[in-house]
Amino acid sequence: MRELIGHAAGICHGTGGRHFARSARLLESHMDGICAHALHPVTSGKAEGANNMIKTLRRKHHGLPDDEYLFLRIMDASRKKQRWQPPPHPSTHKNPPRT
């Protein structure tokens with residue numbers, strides 16, 4: 001991975017263009033992070049989403065009487081919503097099977 005990025009940076013430097021040279025410097029300076037992400041593709045997306053949700057709730061509920069209520073609202077908003085509905089029990093089916 002490092003060799004390929006180094007080769008690409010070398011090509012960018014070899015062109016002599018200032019935009020390509022800037023791209024090469026950018027690749028070289030971020031080499032460790034690029035290789036680490038290639039090996040372990042972990043992002044901070046979920047944490048960023050939670051932070052945005054909390055920020056939105058704080059803005060929306062400005063002036064709440066206490067922090068405990070805000071904490072409860074955050075916990076309620078962060079729960080996963082149930083997407084899967086279990087099938088109805090056969091005894092509650094509207095049209096029972098004919099015998």
Could you pull out all donor-acceptor pairs under 3.5 Å where a side-chain atom in residues 21-38 meets a protein atom, sequence neighbours excluded?
{"from": "S23", "atom 1": "OG", "to": "H19", "atom 2": "O", "distance (Å)": "3.1"}
{"from": "E28", "atom 1": "OE2", "to": "H13", "atom 2": "NE2", "distance (Å)": "3.3"}
{"from": "S29", "atom 1": "OG", "to": "R25", "atom 2": "O", "distance (Å)": "3.1"}
{"from": "S29", "atom 1": "OG", "to": "L26", "atom 2": "O", "distance (Å)": "3.1"}
{"from": "H30", "atom 1": "ND1", "to": "L26", "atom 2": "O", "distance (Å)": "3.0"}
{"from": "D32", "atom 1": "OD1", "to": "R2", "atom 2": "NH1", "distance (Å)": "3.2"}
{"from": "D32", "atom 1": "OD1", "to": "R2", "atom 2": "NH2", "distance (Å)": "2.8"}

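Under the side-chain contact (heavy atoms from CB on, under 4.5 Å) criterion, K60 pairs with no residue, sequence neighbours left out. In this view, D66 and E68, Y69 satisfy the side-chain contact (heavy atoms from CB on, under 4.5 Å) rule, not counting sequence neighbours. Residues satisfying the side-chain contact (heavy atoms from CB on, under 4.5 Å) test with I74, not counting sequence neighbours, are M53, I54, L57, L70.
Sorted pairs that involve residues 34-44 and meet salt bridge (charged side-chain N to carboxylate O under 4.0 Å, His left out), not counting sequence neighbours, are lacking altogether.
Within 6.0 Å of CG in D67 there are 12 or fewer heavy atoms belonging to other residues, nucleotides or ligands.
One distance of note links NZ of K55 with CD of E48; it measures 9.0 Å at 0.5 Å rounding.
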